[in-house]
Trainee: 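Input: one structure, supplied below.
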Amino acid sequence: MSKKLFTLEELSQYLGIRESKISELVDKGVISGYKLAGEYLRFRREQIDAIRSEIEARVTAEDKMVVEKQDAVRGKEKLVLARDREDRSIGTTRERLADFFYFNDFYIFCGILIAALVLVIFRG
């Protein structure tokens, strides 16, 4: 079972709903979202699947995404997703490392800087 969390864009594509409507549902408490680094909203697939019927009941036709305009883009994304599924073991490790460095780059930089300063101070 994959532990990857949906981004707002991925959830929008998964449900076929505009991102603004998803944000509205999060604000109302219909959808549970997790903020990473206080800024990046993420969603668990299991929770979304569990309340999918409630989400669909609250969504109007206006909130659904226009599929015709995005067919070309989605076709490319589906090819990428299919390729990732074939190469899931490498993809998940690569994605985890990319996410780790993306969300922790400030802390890694500060740790290296502090270590360098400690070396300079003690070698003196």
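Any value given below was found using the heavy atoms of this structure, including those in side chains, with hydrogens, waters and symmetry copies removed.
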Trainee: Check side-chain contact (heavy atoms from CB on, under 4.5 Å) between Ser32 and all other residues, then give those that pass, not counting sequence neighbours.
Mentor: Gln47
Trainee: Could you measure the distance from the CD1 atom of Ile22 to the CZ atom of Arg18? Nearest 0.5 Å is fine.
Mentor: 10.0 Å
Trainee: Drop me the distance from Leu11's CG to Arg42's CZ, to the nearest 0.5 angstrom.
Mentor: 11.5 Å
Trainee: If you compare all heavy atoms of Leu5 against all heavy atoms of Glu10, which two are closest, and at what distance to 0.1 Å?
Mentor: O-OE1, 3.6 Å
Trainee: Rounded at 0.5 Å granularity, tell me how far CZ in Arg45 sits from CZ in Phe6.
Mentor: 4.0 Å
Trainee: Could you tell me which residues satisfy ring-ring contact (aromatic ring centres under 6.0 Å, His included) with Phe43, sequence neighbours excluded, listed by chain and number?
Mentor: none
Trainee: Please tabulate, for the side chains in residues 101-124, all donor-acceptor contacts under 3.5 angstrom to protein atoms that are two or more places apart in sequence or on a different chain.
Mentor:
from, atom 1, to, atom 2, distance (Å)
Tyr102, OH, Tyr40, OH, 3.3
Asn104, ND2, Phe100, O, 3.0

Trainee: Can you tell me how far the CD atom of Glu19 sits from the OG1 atom of Thr7, to the nearest 0.5 Å?
Mentor: 7.5 Å
Trainee: Once side chain to side chain donor-acceptor pair (under 3.5 Å) is applied, do any residues pair with Asp27, and if so which ones, sequence neighbours excluded?
Mentor: none
Trainee: Atom CD1 in Ile31, atom CD in Glu24: separation rounded to 0.5 Å?
Mentor: 10.0 Å
Trainee: Test of understanding: with side chain to side chain donor-acceptor pair (under 3.5 Å), list the residues that count as partners of Ser23, not counting sequence neighbours.
Mentor: none
